[in-house]
Amino acid sequence: MTVAAAVNETSPEKLLSPVLSAFWDQPESWTLETYRRHDGYQGLRKALAMSPDEVIAYVKDSGLRGRGGAGFPTGMKWQFIPQGDGKPHYLVVNADESEPGTCKDIPLLFANPHSLIEGMLIACYAIRSEHAFIYLRGETVPVLRRLHEAVREARAAGYLGRNVLGSGLDVDITVHAGAGAYICGEETALLDSLEGRRGQPRLRPPFPAVAGLYACPTVVNNVESIASVPAILNRGKEWFRSMGSEKSPGFTLYSLSGHVAGPGQYEAPLGITLRQLLEMSGGMRPGHRLKFWTPGGSSTPMFTDEHLDVPLDYEAVGAAGSMLGTKALQCFDETTCVVRAVTRWTEFYAHESCGKCTPCREGTYWLVQLLRDIEAGKGRMADLDKINDIADNINGKSFCALGDGAASPIFSSLKYFREEYERHITGKGCPFDPAASTVWADDTRTSHPEVHA
Amino acid sequence: MSATSSSQGVQLGMPQLPAPDYPAEVRARLDADAKEVIARYPDSRSALLPLLHLVQAEEGHVTRTGIRFCAEQLGLTTAEVTAVSTFYTMYRRRPGGDYQVGVCTNTLCAVLGGDAIFDALKQHLGVGNEETTPDGKVTLEHIECNAACDFAPVVMVNWEFFDNQTVESAKRLVDDLRAGRTALPTRGAPLCTYQETARILAGFPDERPGAVEATGGAGHASLAGLRLARGESGPARVGPPRGVPQQDTPPHHDEQPPKRHPSSHDAPQKTSDSDPDFPAGPIAEEGEG
């Protein structure tokens, strides 16, 4: 763990490593001009001086892993694209950020959309694609505006279109707004949606690298993965590998939210801990303590204060029984009812289940019925085993990974907080006061009703 | 297939007649827009989602006429278009207000105050979920996680961000919207109507001066880490060290359980099967046979 020596130093200047977020506070940070002032499009120039295969090898050697949840090596995804097959190749950027708790790509694209455009150009050059798509969730119109503008600016400056920077490379980018469906964050459902269909996942194989968009070889990458590529090209794979660990190198955006004193985006080397992030950002809100948290969105099994020192990289979080996911660190304090939290997440999965496979469609429906009863004090002890059984019938048996995600909060909350479920049943109701969990709860007690946390 | 019987109000289980087309001048304008949308894609069917946004921009919701238009543009059946339009939550199946006010009630926002805000707005406006105020200004709904958790609790109006809301600020917001006063998002451009927003979603850039640059580079929470990395430090406070047993005794153990079911707002939605007033196609204001 190369990072071990560095993280003993506890100052934020040492622990954090803003790269993508380095100039978000500059005037008009989203413009091409500001981006160029901060080394913008230098990575592209370096990539164009290499052969496409060299670019793929370089990204692979850097160790960059997918930032959308699964952590698959980005360069390897590019390498899977068959070359010389005579078919068009496509790059599709997954900007359908919808996983509960996840809030990194949207602020990134709002403040610095050109890092994505530049990364896409490099990726298109590497995989020999002439047409790339950004599939942005539709519910974020301010980001859509900035992407429209960034593509327009890039085209006007000769970064997009025919013969990019005189290299012979032809690339165009289409910005595509989705229409509200969590499932479209699943890469094959996203492809179906982009083809103008209901967003339902596809059977694999064939994988998108062989038969993706319009049955052509396609790379689907997360926004943050692609946006990280220009800095790797420009500053070098050794620089990238100097951060994080051997298997989880580099920097990434951690999104701190919930009952914390300093919610926000914290860009740091992989392997930082929640304790370090909380220590530097002011901790939990005054007078409260951490009860449970997610390392990477609601689909990653929850942790408790036992896990404050787990290094937040792919291996360590996995070894501790969860997944790094999207690094969405949702922190809840002792005022929060875990049954209420899990019930609400499960309602989300039931609402968003695409209906294609039975375990997820039916399982999430029945989980909601049982959880609502438990939350309202109408449950029975046998219901706890029943929700565990139903979750077990979804996990690993559903058509796509989003079904597995629905089982995670059930399993993990029963593991750490079974006693709290039981108290809802024996006490015939929820022992928590929802008003105490609000951001203004403590303000009103001290009569400052308008102070925002 | 007799039109006569249905015009006499006798239900014979006959299929609906085809929806009427748009008036000629509207059709000509939309034809040109659709051509531009379709040209962005190697395969025309990919234009379906933007085209559904486009017909929503025209009429405020996806009508049977809009579905017919999309089908004709893309060489699809109206059944194929309907199947897609009913899958996605952003396509309205009935008319709504100029301002769609969405309160995030996914877990994190709900716990931090979203539930209280949503309940207060329902009472304040006198409408339920997905209902519109009588003046046609505001459609209230609860929404899922909108990728702004570090700004919780979040309210979206026509998909612009209104961050860090309270019950009071949210009430003021809807009052302003109904009174026609300016309501500025914390992140995003000055509000346009729901239909104008739908046009941006169809892929036509917002041409209003200042719309792209409105509210600056990044929200305050997005900059939290950057500011610390630059040497501005906050007070240190952290949870218990590893190994200390947790004591999560609820603070209000002796209180009665809430009278109202905390999650009851999220009861299963009616579907086209269970909701005869709104069949799988959107409601038809056009005359039928």
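Not measured: the values here are computed from a predicted model. Convention: sequence-line order gives letters A, B, ...; per-chain numbering from 1.
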(request) Would you please test B:D150 and A:L256 for side chain to side chain contact (heavy atoms under 4.5 Å, CB included) and show each step? (result) CA-CA 6 Å; B:D150 43 350; A:L256 200 55; over 6 Å; no
(request) Without swapping roles, check the side chain of B:R45 against the backbone of A:G196 for a donor-acceptor pair under 3.5 Å. (result) yes
(message) For B:A189, which atoms come within 4.5 Å of any heavy atom of chain A: side chain, backbone, both, or neither?
(response) both
(message) Would the distance check show the side chain of B:Y88 and the main-chain N or O of A:G199 forming a donor-acceptor pair, the cut-off being under 3.5 Å?
(response) yes
(request) Determine the option with the most heavy-atom pairs under 4.5 angstrom with chain B, choosing from A:Q200, A:H176, A:E267. (result) A:H176
(request) For B:Y41 and A:H131, test the side chains for any donor-to-acceptor distance below 3.5 angstrom and give the result as yes or no. (result) no
(request) Would you mind checking which part of A:F133 comes under 4.5 Å of any heavy atom in chain B, side chain (CB onward), backbone (N, CA, C, O), both or neither? (result) side chain
(message) As an exercise: rank A:E28, A:H259, A:R152, A:E352 by heavy-atom pairs under 4.5 Å with chain B and give me the winner.
(response) A:H259
(request) Could you tell me which portion of A:P142 (side chain, backbone, both or neither) has an atom closer than 4.5 angstrom to a non-hydrogen atom of chain B? (result) both
(message) Looking only at heavy atoms and a cut-off of under 4.5 Å, which of A:A22, A:G377, A:A181, A:S98 has the most pairs with chain B?
(response) A:A22
(request) Look at B:P50, B:G216, B:A202 and state which one has the largest set of heavy-atom pairs under 4.5 Å with chain A. (result) B:G216
(request) Against chain B, label A:F110 side chain, backbone, both or neither, depending on which of its atoms sit under 4.5 Å from a heavy atom there. (result) both
(request) Would you mind checking which part of A:Y90 comes under 4.5 Å of any heavy atom in chain B, side chain (CB onward), backbone (N, CA, C, O), both or neither? (result) side chain
(request) Measure across B:A148 and A:C103 and return the closest heavy-atom pair with its distance rounded to 0.1 Å. (result) N-CB, 3.8 Å
I'd like a table of donor-acceptor pairs (distance under 3.5 Å, sequence neighbours excluded) in which one partner is a side-chain atom from residues 106-113 of chain B, with atom names and distances.
residue: B:N106; atom: ND2; partner: B:E144; partner atom: OE1; Å: 3.1
residue: B:T107; atom: OG1; partner: A:A341; partner atom: O; Å: 3.0
residue: B:T107; atom: OG1; partner: A:W345; partner atom: N; Å: 3.3
residue: B:T107; atom: OG1; partner: A:W345; partner atom: NE1; Å: 3.3

(request) Heavy-atom distances under 4.5 Å only: say whether A:E97 touches chain B with side chain, backbone, both or neither. (result) both
(message) Looking at every non-hydrogen atom in both residues, tell me the closest pair between B:C149 and A:S257 and how far apart they are.
(response) O-CB, 3.5 Å
(request) Flag the pair A:D25 and B:R227 as a salt bridge only when some basic side-chain nitrogen lies within less than 4.0 angstrom of an acidic carboxylate oxygen. (result) no
(request) May I ask you to name which of B:C145, B:P153, B:C104 has the most heavy-atom pairs under 4.5 Å with chain A? (result) B:C145
(message) Let's test your reading of the structure: which of A:E139, A:E99, A:Q265 forms the most heavy-atom pairs below 4.5 Å with chain B?
(response) A:E139
(request) Please report the C-alpha distance between B:E213 and A:R145 in whole Å, then the side-chain angles of each, then the deciding distance to 0.1 Å, and finally whether the side chain to side chain contact (heavy atoms under 4.5 Å, CB included) criterion is met. (result) CA-CA 9 Å; B:E213 47 267 56; A:R145 277 193 199 93; over 6 Å; no
(request) Give a yes or no answer on whether the side chain of A:R198 reaches the backbone of B:A83 with a donor-acceptor pair at less than 3.5 Å. (result) yes
(message) Between B:H53 (side chain only) and A:G178 (backbone N and O only), is there a donor and an acceptor less than 3.5 Å apart?
(response) yes
(request) Can you tell which part of A:C184 gets under 4.5 Å to a heavy atom of chain B, answering side chain, backbone, both or neither? (result) side chain
(message) If we ignore hydrogens and angles and just use 3.5 Å, is the side chain of A:R344 paired with the main-chain N or O of B:T105 as donor and acceptor?
(response) yes
(message) Taking side chain as everything from C-beta outward and backbone as N, CA, C, O, which of these in A:H424 sits under 4.5 Å from a heavy atom of chain B? Side chain, backbone, both or neither.
(response) neither
(request) For chain A, find which of B:T89, B:T197, B:I143, B:L48 contributes the most heavy-atom pairs closer than 4.5 angstrom. (result) B:T89
(request) Counting only heavy atoms closer than 4.5 Å, note whether A:I183 contacts chain B via side chain, backbone, both or neither. (result) side chain
(message) Using side-chain heavy atoms (C-beta onward) and a distance below 4.5 Å, is A:Y214 in contact with B:P42?
(response) yes
(message) I'd like to know if the side chain of B:S222 and the backbone of A:P107 have a donor-acceptor N/O pair within less than 3.5 Å.
(response) no
(message) Taking every non-hydrogen pair under 4.5 Å, which of B:L51, B:L76, B:V212, B:L52 racks up the most with chain A?
(response) B:V212
(request) For chain B, find which of A:P27, A:A111, A:A179, A:A350 contributes the most heavy-atom pairs closer than 4.5 angstrom. (result) A:A179
(message) Counting heavy-atom pairs closer than 4.5 Å to chain B, which one of A:C331, A:S298, A:G101 comes out on top?
(response) A:G101
(message) Does any part of the side chain of A:T140, heavy atoms only, come nearer than 4.5 Å to the side chain of B:M156, both counted from C-beta?
(response) no
(message) Between B:D115 and A:R340, does any NZ, NE, NH1 or NH2 come within less than 4.0 Å of an OD or OE carboxylate oxygen?
(response) yes
(message) List the residues meeting side chain to side chain contact (heavy atoms under 4.5 Å, CB included) with B:A57, not counting sequence neighbours, and say none if there are none.
(response) B:A198, B:R199
(request) Given side chain to side chain contact (heavy atoms under 4.5 Å, CB included), test A:F23 with B:L226 step by step and report yes or no. (result) CA-CA 8 Å; A:F23 61 91; B:L226 180 60; over 6 Å; no
(message) At a heavy-atom distance under 4.5 Å, which candidate from B:G217, B:G188, B:P185, B:A47 has the highest pair count against chain A?
(response) B:G217
(request) Please name the pair of heavy atoms, one in B:A116 and one in A:W440, separated by the smallest distance, quoted to 0.1 Å. (result) CB-CZ2, 3.9 Å
(message) Applying side chain to side chain contact (heavy atoms under 4.5 Å, CB included) to B:N146 and A:R137, what does each step give before you reach the verdict?
(response) CA-CA 9 Å; B:N146 222 76; A:R137 70 178 295 188; 3.6 Å; yes
(message) Looking at every heavy atom in both A:L144 and B:I200, which two are closest together, and how far apart are they?
(response) CD2-O, 3.5 Å
(request) Using non-hydrogen atoms and a 4.5 Å limit, figure out which bit of B:V81 sits close to chain A: side chain, backbone, both or neither. (result) neither
(message) With a 4.5 angstrom heavy-atom cut-off, is it the side chain or the backbone of A:S193 that approaches chain B, or both, or neither?
(response) both
